[in-house]
Peer 1: 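Quick one: the structure is below, and I'll ask about it shortly.
The structure displayed is predicted, hence computed values, not measured ones. Order of listing sets the numbers, starting from 1, for every ligand and every atom in it.
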Amino acid sequence: MTVPARPGLDVLSPYVPGEAKIPGIDNPIRLASNENSMGCSPKAVDAFLSLSRQLHRYPDPSATRLRETISDRFKLHLKRIVCGAGSDELIELLAQAYAGPGDEIIYSQYGFMKYGITAVAVGAKPVPVPEKDFKTQITEILAAITPRTRIVFLANPNNPTGSLLTLDEILTLHRGLPSRVLLVLDAAYADYVDDKTYDPGYFLAEDKENVVVLRTFSKIYGLAALRIGWAYAHESIIDILNRIRGPFTLSAPSQAAACAALGDRQHVQKSFQHNRQWLRWVTQHIQQLRYHVLPSAGNFVMVHFSQSMKPSHRKQGTQLAQDVKSFLNQQGIIVRPLDPYGLPDCLRITIGTAQEMETVVRKFQDYQSRHQHLRQSVG
Ligand SMILES: Cc1ncc(COP(=O)(O)O)c(C=O)c1O
């Protein structure tokens, strides 16, 4: 007899990562996981390698030097920082610490997929709140709060839509939340935001006892393979996370690489400029082909292939998205289908190198001219 798992886990849809391979194609263009196409800082590589003769040693369980470097770099209180194996681990720890069976975890309808999975994993009820025009709705979130709500997870900028919440919206949301509800602001893409009014929310986490800001080294720092994230929150929250986390989930080479990456401001600046330029370029060029590209504050764009949200249009859009994805795959390009987000009529494309972006746009153009041709010959 199989040992029964907790109810709900056997039917939970697991996280679907971006594909990395196309059968029969060597070195595909990988635009499915929002990685930094420029890689990481060479200084981070050196720091990582410098520990290659120390692999028999356990890492520092407190990640002291890394926390000090983060504290220095962002002018934050050392005691309010905790590091984890990617922000993924911190999302899990927060859910384990603050929610359980009978509780509710709120997130936006097209919010990062991990939030809903984590809610089910800890036995809580996932509560996705409808979006309008692919934007998080603060009023709807506030209306969804019940006595059972424990956490609101918000990615800002959001993945996969690329949408951004203003500081006013965040403040309105926070003001409306009961103090027993944790507000988690996931700022994975913060360094890509090209908007002077944007704020990841450190000051709120500093001031309030129910706010957490999450950051990661997987995006602009280009260290996704090393799994490094950190949280900034009131000391009472950090204390709880420190009690339940595994002591050694963040390896010593990862800690060293992250410190070095933070020190290389030039690499971050270069990555930001590159993203700024090519995000605009790819958005414009795909739009010129009359596909709807959503404005994005991250290092990716979401293309919506339906003319409207009417079911008949969405059916056509879904067919088109699948067709474009297959075509791009045949051409050696991997993009992200968004069916697991309930967006089968959308594709997400990471900003890659200049050459990769030129190729992707050229292939979109090829796709379109082939199909116009087909339509004309059928018509
Ligand atoms: C919004 C958001 N939060 C968190 C993560 C997880 O990042 P990490 O690699 O630090 O676990 C991602 C990864 O894509 C993300 O998009």
Peer 1: Of all the heavy-atom pairs spanning Leu164 and Lys135, show the shortest one and how long it is.
Peer 2: O-NZ, 3.2 Å
Peer 1: Mind checking whether Phe364 and Phe327 have ring centres under 6.0 Å apart?
Peer 2: no
Peer 1: So if I apply the side-chain contact (heavy atoms from CB on, under 4.5 Å) rule between Gln287 and each of Val303, Val293, Val282, which one comes out positive?
Peer 2: Val293
Peer 1: Between Ser308 and His313, do the side chains contain an N or O donor and an N or O acceptor separated by less than 3.5 Å?
Peer 2: yes
Peer 1: Once ring pair (Phe, Tyr, Trp, His ring centres under 6.0 Å) is applied, do any residues pair with Tyr221, and if so which ones, sequence neighbours excluded?
Peer 2: Phe217
Peer 1: Please tabulate, one line per pair, the protein nitrogen or oxygen atoms found under 3.5 angstrom from a nitrogen or oxygen of ligand 1, with distances to 0.1 Å, or say none if there are no such pairs.
Peer 2:
from: ligand 1; atom 1: 3 (N); to: Asp186; atom 2: OD1; distance (Å): 3.3
from: ligand 1; atom 1: 3 (N); to: Asp186; atom 2: OD2; distance (Å): 2.6
from: ligand 1; atom 1: 7 (O); to: Ser87; atom 2: OG; distance (Å): 3.2
from: ligand 1; atom 1: 9 (O); to: Ser218; atom 2: OG; distance (Å): 2.6
from: ligand 1; atom 1: 9 (O); to: Arg227; atom 2: NH1; distance (Å): 2.8
from: ligand 1; atom 1: 9 (O); to: Arg227; atom 2: NH2; distance (Å): 3.3
from: ligand 1; atom 1: 10 (O); to: Ser87; atom 2: N; distance (Å): 2.7
from: ligand 1; atom 1: 10 (O); to: Ser87; atom 2: OG; distance (Å): 2.9
from: ligand 1; atom 1: 10 (O); to: Thr216; atom 2: OG1; distance (Å): 2.5
from: ligand 1; atom 1: 10 (O); to: Ser218; atom 2: OG; distance (Å): 3.4
from: ligand 1; atom 1: 11 (O); to: Ser87; atom 2: N; distance (Å): 3.2
from: ligand 1; atom 1: 11 (O); to: Asp88; atom 2: N; distance (Å): 3.0
from: ligand 1; atom 1: 11 (O); to: Arg227; atom 2: NH2; distance (Å): 2.7
from: ligand 1; atom 1: 14 (O); to: Tyr189; atom 2: OH; distance (Å): 3.4
from: ligand 1; atom 1: 14 (O); to: Lys219; atom 2: NZ; distance (Å): 2.9
from: ligand 1; atom 1: 16 (O); to: Asn159; atom 2: ND2; distance (Å): 2.7
from: ligand 1; atom 1: 16 (O); to: Tyr189; atom 2: OH; distance (Å): 2.7

Peer 1: Does Arg80 make a cation-pi contact with Tyr202, if we ask for NZ or CZ under 6.0 Å from the ring centre and within 45° of the axis?
Peer 2: no
